[in-house]
Amino acid sequence: MAVVKRERDGKVGILTLSDPASLNAMTPELLGDLARAVGEMSLDPDIRALVLTGEGRGFCSGQNLKAFQSLGDNIYIGVMRHYWPTMQALRECRVPVVVAVNGVAAGGGFSLAMSGDIILAARSASFIQVFSRIGLVPDLGSTWLLPRLIGRQRALDLMLLNEPLPAERAKEWGLVRDVVDDAKLLDEAKALAGRLADGPTRALVATRQLLEESEHASYADQFRREIELQQVIRESADAKEGRQAFVEKRKAQFTGR
């Protein structure tokens with residue numbers, strides 16, 4: 001049964017976690033369907049950006065503890081089989097991903113929100129790590145993603161004390177791009193995704209790739225890597241259109257090719 005709604009608005013694909021009774025808590029079924037949905041949207045050449053959001057009062061409340069046993073006795077195997085493909089699909093998506101966080105993003109739901117490229121938050125949104133409250137360590141990529149977004153000290157504070165991070169402070173700390181009225185969240189997310197969809201999406205996604213690679217590279221190695229990827233991207237149709245539009249003093253018309 002599908003637990004992720006699929007819609008499209010022009011060049012923007014909209015994926016909505018749809019189990020509001022549990023605040024869209026994570027189960028193998030929900031994350032498996034999300035991975036499939038991202039894959040389906042990625043196969044559509046007319047989709048140039050994605051929006052990920054949640055239905056109801058929350059974005060994602062984290063792991064559904066009632067479904068925890070469905071991961072099996074070996075948690076490592078269960079999580080890598082059922083959860084990693086979803087996170088990987090979002091992190092490596094061929095188009096930019098805007099995450100629209102409505103209400104709470106807790107535990108693994110916090111990790112899921114960080115798996116996109118840009119986060120918008122409703123005023124009612126809050127982020128909480130939760131893990132140490134139940135005697136666990138952060139997972140689903142949190143210890144990699146969060147310190148890179150807000151810094152080590154702030155990340156450690158959130159992880160050790162489990163205090164909710166309100167939307168406005170999340171913006172101050174650089175976790176989210178903007179905070180908007182709840183009723184306007186989806187419209188603002190679609191508008192932002194539309195801006196990205198009108199851009200040179202191959203170059204945008206390659207930029208994401210370079211930033212991730214830079215975390216483990218020296219300055220000299222990254223300098224060379226930028227030029228290597230630039231050599232590939234500059235032959236794309238969008239790069240040629242961008243150069244031509246610049247010469248002709250007009251707005252470029254990018255196609256994602």
Side-chain angles (χ1 to χ4, degrees), residues 1-64 67 70-71 78-122 125 139-142 145 185-197 199 201-202 204-205 208-209 212 256:
M1 182 180 71
V3 285
V4 176
K5 292 181 178 177
R6 287 96 154 147
E7 302 173 80
R8 60 180 301 160
D9 185 351
K11 293 179 283 189
V12 176
I14 304 162
L15 303 179
T16 305
L17 308 179
S18 184
D19 187 13
S22 71
L23 296 182
N24 305 308
M26 289 178 162
T27 64
E29 292 74 24
L30 183 141
L31 287 189
D33 198 36
L34 179 55
R36 286 190 294 274
V38 173
E40 292 164 8
M41 291 289 186
S42 294
L43 290 174
D44 186 340
D46 294 326
I47 295 294
R48 303 272 307 283
L50 292 183
V51 170
L52 173 63
T53 192
E55 182 178 347
R57 298 181 297 108
F59 172 71
C60 178
S61 58
Q63 172 66 42
N64 186 325
S70 62
L71 293 176
V79 169
M80 293 305 294
R81 176 182 298 159
H82 296 292
Y83 290 9
W84 167 244
T86 305
M87 302 301 188
Q88 183 180 32
L90 290 168
R91 295 294 294 177
E92 299 178 3
C93 187
R94 70 162 186 83
V95 298
V97 180
V98 175
V99 182
V101 176
N102 53 305
V104 69
F110 195 161
S111 305
L112 182 62
M114 293 187 289
S115 295
D117 295 311
I118 299 177
I119 302 174
L120 288 183
D139 60 18
L140 303 188
S142 275
L145 293 163
L185 177 64
L186 187 55
D187 285 342
E188 293 286 343
K190 289 192 292 186
L192 178 57
R195 286 178 56 189
L196 294 167
T201 46
R202 281 190 63 189
L204 300 183
V205 171
R208 175 216 292 153
Q209 179 183 345
E212 297 220 345

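One-based numbering along the sequence shown. Not measured: the values here are computed from a predicted model.
The backbone N or O of Gly56 lies less than 3.5 Å from a partner atom in the side chain of Asn102, making a donor-acceptor pair. Within the 3.5 Å criterion, the main-chain N or O of Met26 finds no donor-acceptor partner in the side chain of Asn64. Using modelled atom types, no side-chain atom of Thr201 and backbone atom of Ala197 make a donor-acceptor pair closer than 3.5 Å. Within the 3.5 Å criterion, the main-chain N or O of Asp139 finds a donor-acceptor partner in the side chain of Ser111.
Counting only N and O atoms by type, the side chains of Gln88 and Tyr83 include no donor and acceptor under 3.5 Å apart.
Between Arg208 and Glu92, the shortest heavy-atom distance links the atoms NH1-C, 3.6 Å. The two atoms that bring Arg94 and Val205 nearest to each other are O-CG2, 3.2 Å, heavy atoms only. The two residues Gly108 and Met87 have their closest heavy-atom pair at O-CE, 4.4 Å. Taking all atoms of both residues into account, the shortest heavy-atom contact from Ile14 to Lys190 is CD1-CD, 3.3 Å. The heavy-atom pair separating Val51 from Ala189 by the smallest distance is CG2-O, 3.7 Å. Heavy atoms only, all atoms of each residue included: Val4 and Ala37 are closest at CG1-CB, 4.1 Å.
Separation of atoms CZ (Phe59) and CG (Asn24) is listed at 8.5 Å; rounding is to 0.5 Å. Note that CG of Leu15 is 12.0 Å distant from CZ of Arg8, once rounded to the nearest 0.5 Å. Interatomic distance, Ile119 CD1 to Leu52 CG, rounded to the nearest 0.5 Å: 10.0 Å. The CZ atom of Arg81 sits 14.5 Å away from the CG atom of Leu31 when rounded to the nearest 0.5 Å. To the nearest 0.5 Å, atoms CD (Glu40) and CD1 (Ile47) are separated by 11.5 Å. One finds the CG atom of Leu140 at 10.0 Å from the CG atom of Leu145 (value rounded to the nearest 0.5 Å).
The shortest distance between side-chain heavy atoms of Pro96 and Asp117 falls below 4.5 Å. Looking at heavy atoms from C-beta onward, Val12 lies out of side-chain contact with Leu50 at the 4.5 angstrom threshold. Using a 4.5 Å heavy-atom cutoff, the side chains of Cys60 and Leu23 are not in contact.
Using a 4.0 Å cut-off between a side-chain N of Lys or Arg and a carboxylate O of Asp or Glu, Asp33 and Arg6 qualify as a salt bridge.
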Thr86 vs Val38, side-chain contact (heavy atoms from CB on, under 4.5 Å): CA-CA, chis, key distance, verdict: CA-CA 8 Å; Thr86 305; Val38 173; 6.0 Å; no
Test log, rule side-chain contact (heavy atoms from CB on, under 4.5 Å), inputs Leu196 and Leu204: CA-CA 8 Å; Leu196 294 167; Leu204 300 183; 4.1 Å; yes
Residue pair Thr16, Thr53: steps toward the side-chain hydrogen bond (donor to acceptor under 3.5 Å, both in side chains) verdict: CA-CA 5 Å; Thr16 305; Thr53 192; 6.0 Å; no
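Applying side chain to side chain contact (heavy atoms under 4.5 Å, CB included) to Leu112 and the options Leu17, Val101, Val99 leaves one that passes, Leu17.
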